[in-house]
Amino acid sequence: MHLSSKSDRIFVAGHRGLVGSAVVRALKGAGFANVITRTRSELDLLDQAAVETFFKREQPEFVVLAAAKVGGIHANNTYPADFLNQNLCIQSNVIGAAFVTGVKRIMFLGSTCIYPKMAPQPLKEEYLLTGPLEPTNEWYAIAKIAGVKMCEALRKQHGVDFVSLMPTNLYGPEDNFDLETSHVLPALIRKFHEAKAGNAPVQLWGSGTPKREFMYVDDLADAILHVLQTEEATLYEAAPDGLINAGVGEDLAISELAEKIQQTVGSTNSVVYDASKPDGTPRKLVDVERLFSLGWRPSVSLEEGLRRTYDWFIANH
Ligand code: GFB
């Protein structure tokens with residue numbers, strides 16, 4: 001059942017993260033009055049009993065599941081057990097409690113790394129489980145695939161309206177700028193910014209040739225609201241399996257991204273590549289036909305998004 005009233009009760013799990021904070025901004029900006037959030041110390045999503053008690057007491061009608069163990073290529077590669085286990089637990093607890101308490105629609109969020117490493121581009125939803133995964137993030141991907149399949153299975157067996165949205169690489173305010181655990185875009189903003197104080201070259205990972213698609217997180221939040229407000233029949237006509245990609249439809253090489261960030265930050269430092277660090281998947285441009293067929297389009301260009309993110313970084317770090 002779709003989100004239709006400004007008084008609907010919406011639980012945003014993970015509201016302090018990059019995605020969750022953008023979803024809360026979007027919901028409140030659109031006038032939704034009952035947005036429910038809990039910090040990690042108030043509700044541990046790894047604790048099944050606590051999650052179920054919370055759902056029974058608060059009775060959310062809609063859920064955006066943006067809580068997850070996430071990180072860039074190095075974090076994914078270094079902590080495979082944490083990425084697999086924590087994500088499986090969080091999503092099993094939240095999706096399970098949502099089912100038991102009759103949530104009207106849950107939106108489960110994952111990532112386009114669920115698709116096979118060598119799948120044809122752009123990545124269509126139907127390519128799921130057609131080939132081996134990218135090794136640096138297969139642990140995270142397997143957890144997320146399980147979440148997609150859990151939503152699909154509950155819908156198949158019980159007719160619930162549980163849907164999955166798979167965003168491409170995201171960036172924006174509240175991102176993680178830690179150089180060890182972050183994704184490439186915030187890492188490069190920080191590296192170029194800090195390098196401005198001297199003449200040392202900026203060290204980037206891998207070869208610079210992999211291509212990525214970047215979506216500003218407020219665009220994703222807007223897409224989430226759009227899908228939540230789409231009627232059930234329309235939604236499943238576009239996505240019979242309940243799986244929808246979210247992206248902007250364009251990608252660029254990491255070396256090109258580095259040039260754009262260098263311009264945004266105003267750095268003149270040279271760039272060197274550290275070939276001992278992994279490249280990850282060569283390309284993962286998503287096919288956005290399903291989402292676009294629902295009438296949604298992105299509105300923030302990469303240049304504009306980079307400027308906003310750099311401003312946020314300067315103000316907050
Ligand atoms: O964003 P990123 O960490 O993750 O890296 P993925 C993207 C590309 O940027 C890789 C290169 O080819 C990196 O080698 N890169 C260059 C850098 N310099 C840097 C740097 O300083 N820091 C980082 N982090 N990368 C993640 C997955 O994959 O993307 C997750 O591991 C998830 O599961 C997420 O799907 C969206 O795009 O390779």
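As the structure lists them, so they are numbered: ligands from 1, and atoms in each ligand from 1.
- Within the 4.0 Å heavy-atom criterion, the part of Pro278 lying near ligand 1 is the backbone and not the side chain.
- Classification of Arg155 and Glu152 as a salt-bridged pair fails, no side-chain N sitting under 4.0 Å from a carboxylate O.
- Close approach of ligand 1 to Arg212 (heavy-atom distance below 4.0 Å) involves ligand atoms 6 (P), 7 (C), 37 (O), 38 (O).
- Between Asp175 and Arg190 there is no salt bridge, since none of the side-chain N atoms of the basic residue sits less than 4.0 Å from a carboxylate O of the acidic one.
- Ligand 1 lies within reach of Lys191, whose nearest heavy atom is under 4.0 Å from it.
- Residue contact check: Cys113 has heavy atoms under 4.0 Å from atoms 33 (O), 35 (O) of ligand 1.
- Near Tyr140, meaning under 4.0 Å from one of its heavy atoms, ligand 1 places the atoms 33 (O).
- By the criterion of a heavy-atom distance under 4.0 Å, the side chain of Leu188, and not its backbone, is placed next to ligand 1.
- At a threshold of 4.0 Å, the pair Glu256-Lys260 does not count as salt-bridged, since none of the basic side-chain nitrogens sits closer than that to a carboxylate oxygen.
- No part of Ala141 comes within 4.0 Å of ligand 1, judged by heavy-atom distances.
- Checked against the 6.0 Å centroid criterion, the rings of Tyr216 and Tyr171 qualify as a close aromatic pair.
- Within the 4.0 Å heavy-atom shell around ligand 1 one does not find Glu134.
- Numbered from 1 in the order shown, with element, the atoms of ligand 1 that lie under 4.0 Å from a heavy atom of Ala187 read 20 (C), 21 (O), 22 (N).
- Annotation: atom 30 (C) of ligand 1 to nearest protein heavy atom, Asn76 ND2, 3.5 Å.
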